[in-house]
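Before any comments, here is the structure.
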2 protein chains.
Amino acid sequence: MQNESTANSIEATNIPLTERLFDALQRAIVEGEIPQGSKISEPELARQYGVSRGSLREAMARLEARKLVERKPNLGARVVSLSYEQLIEIFQLREALEGMAARLAAQNMTDKEIEELQRLLNQHGEQIAEQHGQAYFQKQGDLDFHYRIVQGSKNKQLIELLCNDLYHLLRMYRYQFGMRSKRSQQAFEEHQYLINVISARDPEMAELLMRQHIRASRRNVESVLLEKL
Amino acid sequence: MQNESTANSIEATNIPLTERLFDALQRAIVEGEIPQGSKISEPELARQYGVSRGSLREAMARLEARKLVERKPNLGARVVSLSYEQLIEIFQLREALEGMAARLAAQNMTDKEIEELQRLLNQHGEQIAEQHGQAYFQKQGDLDFHYRIVQGSKNKQLIELLCNDLYHLLRMYRYQFGMRSKRSQQAFEEHQYLINVISARDPEMAELLMRQHIRASRRNVESVLLEKL
DNA sequence: CAACATTAAAGTGTCGACACTTTTTAAATA
DNA sequence: TATTTAAAAAGTGTCGACACTTTAATGTTG
């Protein structure tokens, strides 16, 4: 009955349709496949994905809760569009949250996890040396690094919040603005410092360094963005 | 067609049913009307509120996104139950987020807002003097105070996150554990210090004090809770 | 021709129905 | 009587339908 060959059709699994749909839409939005600020027509989108409106609506409700779409009663939904101001606000959030994450990571990461983190960073170092300027891997690597520290905090609420909510927004702005970092070498070194103080089990210092690191990253974004406008 | 006299029926407005439903359910969960950890039967709940399952499901999807209910495919949904550990985790989040909020508030609150905040605190002072031990108003007052500072940060993401997500969880645990503070006088004084440094436009100090304040509050919760178990 | 009124089209809000899963109840067997 | 099996009940996943609202198209009048 269902058209499985539709361009955007969702693969069949035992996972609920609504959930697959939610993931697919989230990805599509984050990667700009559905452009920022564009209006969403429920019947059309449902048709594209080969699902009923009911299922779509459930997924949309969750997207709305994650601030990826905005809905106004009777007027329909549109994909959010990130403004410069919002981006700055997100960096302030990150500073607070990841600062705390680093603090907790210094207390709660296992030695093995720290070793693995160091290994990951070494890889990044090689990549930076080899493919100088390849922004994509650097950005991905940066996110990986931060991701692990958040996990290392062992605070489930924090992990949820950062990894499931905030990082998607962050990836979204990277796709949108096509950011490329001019400070990968600098960031790399800051990451190394961070590992050092975490190894030394110094929570205070870990938080401080992480906050500085994120502030520096924000300043970079500001300058890159301002020269674009 | 619809039974308007059902016990839990939602009033008729122009606001979408799903939204009213979401608010009603959130309130019911936060206040313990629907008890922690209880299983939710969609048909039954839909009947209770006099709505269709479709509408209910949409509301549930949003509640799930806010971590107020947990759903497992084909097995149904249940209200979350706050554990001691989770509560501690939430306090760590608050420390980070409200610390940042206080920092920003010291920069961004208007003089008028600060005045009003002082007025609010004076009221609290009177209430504490009058009805010594009346925990409810104190707790409510405490939340009011924190609420205003968050608003004063002028960071929309932060406001959303704290006021729409986290505070509900907090109110929920207060209802659940029936907390009463033994340190209202102490908290009152800390609030006053906070206003002082915000007035002095000292972001650094504002963050520091707020974090101390929340840490103290957490220690209080810990001790009260531990003597209960 | 522009401004307004009037349909028509599209879109959203809400519901009820049905298939498939899990849980419960009942029956049957060792 | 305890355990396994079978049938029934309840519950979840997904869909299509219809009423009401907004937007677009069309026609009408000054």
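Only heavy atoms go into these numbers, but all of them, side chains included; no hydrogens, no water, no symmetry mates. Chain letters run A, B, ... following the sequence lines, proteins first, then strands; residues in each count from 1.
Ring-plane geometry between B:F145 and B:H191 is classed as parallel, the angle between the planes falling under 30 degrees on a 0 to 90 degree scale with a further cut at 60. Ring planes of A:F91 and A:Y173: perpendicular class, angle over 60° (limits at 30 and 60°).
Protein atom CG of B:L17 is 14 Å distant from nucleotide atom C1' of D:dC20, rounded to whole Å. Summarising the geometry, the separation between CD1 on B:I15 and P on D:dT21 is reported as 15 Å, rounded to the nearest angstrom. Atoms NZ (B:K39) and C1' (C:dT22) sit 9 Å apart, rounded to a whole Å. Following rounding to the nearest Å, B:M60 (CE) and C:dT14 (P) show an atom-to-atom distance of 17 Å. D:dT22 atom P lies 15 Å from atom CD of A:E42, rounded to whole Å. Remark: C1' of D:dT14 and CZ of B:R53 are 9 Å apart, rounded to the nearest angstrom. To the nearest angstrom, P of D:dG16 lies 14 Å from CZ of A:R47. Going from atom CD of B:E58 over to atom P of C:dT12 covers 12 Å, rounded to whole Å.
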Original post:
For A:R211 and A:E207, what are the C-alpha separation, side-chain angles and deciding distance, and is it a salt bridge (Lys or Arg N to Asp or Glu O under 4.0 Å)?
Top reply: CA-CA 6 Å; A:R211 290 181 68 155; A:E207 172 160 10; 3.6 Å; yes
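Among all heavy-atom pairs drawn from B:L158 and B:V150, the shortest one is O-CG1, 4.3 Å.
Salt-bridge formation is detected for the pair B:E42/B:R71: a Lys NZ or Arg NE/NH1/NH2 atom is positioned less than 4.0 Å from an Asp or Glu carboxylate oxygen.
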Compile the donor-acceptor pairs under 3.5 Å between side chains in residues 216-225 of chain A and protein atoms, sequence neighbours left out, one pair per line.
{"from": "A:R218", "atom 1": "NH1", "to": "A:E222", "atom 2": "OE2", "distance (Å)": "3.4"}
{"from": "A:S223", "atom 1": "OG", "to": "A:N220", "atom 2": "O", "distance (Å)": "3.0"}

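Distances shorter than 4.0 Å separate some side-chain N or O of B:S41 from OP1 or OP2 on D:dG11. In terms of phosphate contacts, B:S55 brings no side-chain nitrogen or oxygen within less than 4.0 Å of OP1 or OP2 of C:dT14.
Note on A:L56: nothing from the nucleic acid sits closer than 4.0 angstrom, heavy atoms only.
Picking from C:dT14, C:dG11, D:dC15 the nucleotide with the shortest atom distance to the side chain of A:S52 gives D:dC15.
By the 6.0 Å contact criterion, CZ on A:F177 is enclosed, its count of non-hydrogen atoms from other residues, nucleotides or ligands being greater than 12.
Scanning residues 63-77 of chain A for heavy-atom distances under 4.0 Å to DNA chain D yields A:N74, A:L75.
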